[in-house]
Amino acid sequence: MNRDDIFARLGSLLSQMKWVNRLQLLFDFLMFYGAWQVFFGAQPAMLFGVAMPRTNAAMVTFLFAMISWSFSAIRSNYRCQGLMLISTLKGKTLSEEETNVIRQFK
């Protein structure tokens with residue numbers, strides 16, 4: 001891979017990481033909302049306007065947590081891919097813009 005291909009791929013990875021981060025933030029919010037309703041809500045628990053037993057609400061909250069954990073693993077994989085690409089650039093002089101792209105992976 002030449003230098004332009006590496007930085008095009010790094011830019012693509014950064015964009016994907018931002019979207020995964022946003023989705024993870026959404027599911028983190030849903031997980032905390034579900035946990036709040038399960039632990040501090042009335043019986044039966046109300047999730048998104050639907051009354052359900054606490055066990056079912058806890059299961060939904062657990063599934064939100066698993067989705068959030070999956071997004072975290074995906075983001076970690078993107079970071080590892082980026083660091084592997086960056087390692088191929090060792091010893092080369094980089095412009096300021098390229099250095100900023102690399103700094104975002106650390």
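Model, not experiment: these values are computed from the prediction.
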**Message:** Working to the nearest 0.5 angstrom, can you tell me the gap between K18 NZ and L23 CG?
**Reply:** 14.5 Å

**Request:** Flag the pair M52 / P44 as yes when at least one side-chain heavy-atom distance between them is below 4.5 Å, and no otherwise.
**Result:** no

**Request:** Answer yes or no: is there a donor N or O on one side and an acceptor on the other, between the side chain of T88 and the main chain of L85, under 3.5 Å?
**Result:** yes

**Prompt:** Does a side-chain heavy-atom distance below 4.5 Å link I67 with L30?
**Reply:** no

**Message:** Measuring centre to centre across the rings, with the benzene-like ring taken for any Trp, is Y33 within less than 6.0 Å of F48?
**Reply:** yes

**Message:** As an exercise, state the distance from CZ of R22 to CE of M17, rounded to the nearest 0.5 Å.
**Reply:** 12.5 Å

**Request:** Calculate, to the nearest 0.5 Å, the distance between atoms CG and CD1 belonging to L83 and I102 respectively.
**Result:** 10.0 Å

**Request:** Find the distance between OG (S76) and CD (Q81) and round it off to the nearest 0.5 Å.
**Result:** 10.0 Å

**Message:** How close do L47 and G34 get, counting heavy atoms only, and between which atoms?
**Reply:** CD2-CA, 3.6 Å

**Asked** With a cut-off of 6.0 Å (strictly less than), are more than 12 heavy atoms of other residues, nucleotides or ligands near CD of E97?
**Response** no

**Asked** Are F62 and M46 co-members of a hydrophobic cluster defined by side-chain heavy atoms under 4.5 Å apart?
**Response** no

**Asked** Taking C-beta and beyond as the side chain, do F7 and L94 meet within less than 4.5 Å on heavy atoms?
**Response** yes

**Request:** Hey, could you give me the CD1/CG distance between I6 and L13, rounded to the nearest 0.5 Å?
**Result:** 12.0 Å

**Asked** In the single-linkage hydrophobic clustering (I, L, V, M, F, W, Y; side-chain heavy atoms under 4.5 Å), do W36 and F39 co-cluster?
**Response** yes

**Request:** May I ask whether M59 and M31 are part of the same hydrophobic cluster, defined by side-chain heavy atoms of I, L, V, M, F, W, Y residues being less than 4.5 angstrom apart, directly or through others?
**Result:** no

**Request:** Please check if F64 and W69 belong to a single hydrophobic cluster, counting links between Ile, Leu, Val, Met, Phe, Trp and Tyr side chain heavy atoms closer than 4.5 Å.
**Result:** no

**Item:** Expected output: side-chain S87 to main-chain M84 donor-acceptor under 3.5 Å
**Value:** yes

**Prompt:** With a 4.5 Å limit on heavy-atom distance, are the side chains of N2 and D5 in contact?
**Reply:** yes

**Item:** Donor-acceptor contact below 3.5 Å, side chain T61 vs main chain A57
**Value:** yes

**Request:** Determine whether R9 and D4 make a side-chain contact, defined as any pair of heavy atoms from C-beta on separated by less than 4.5 Å.
**Result:** no

**Asked** Under 4.5 Å between side-chain heavy atoms, hopping through other hydrophobics if needed: is there a path connecting W19 to F27?
**Response** no

**Prompt:** Do you know which two heavy atoms are closest between E98 and S95, and how far apart they sit?
**Reply:** OE1-N, 3.0 Å

**Item:** Inter-residue atom distance L25.CG - F71.CZ, 0.5 Å rounding
**Value:** 11.5 Å

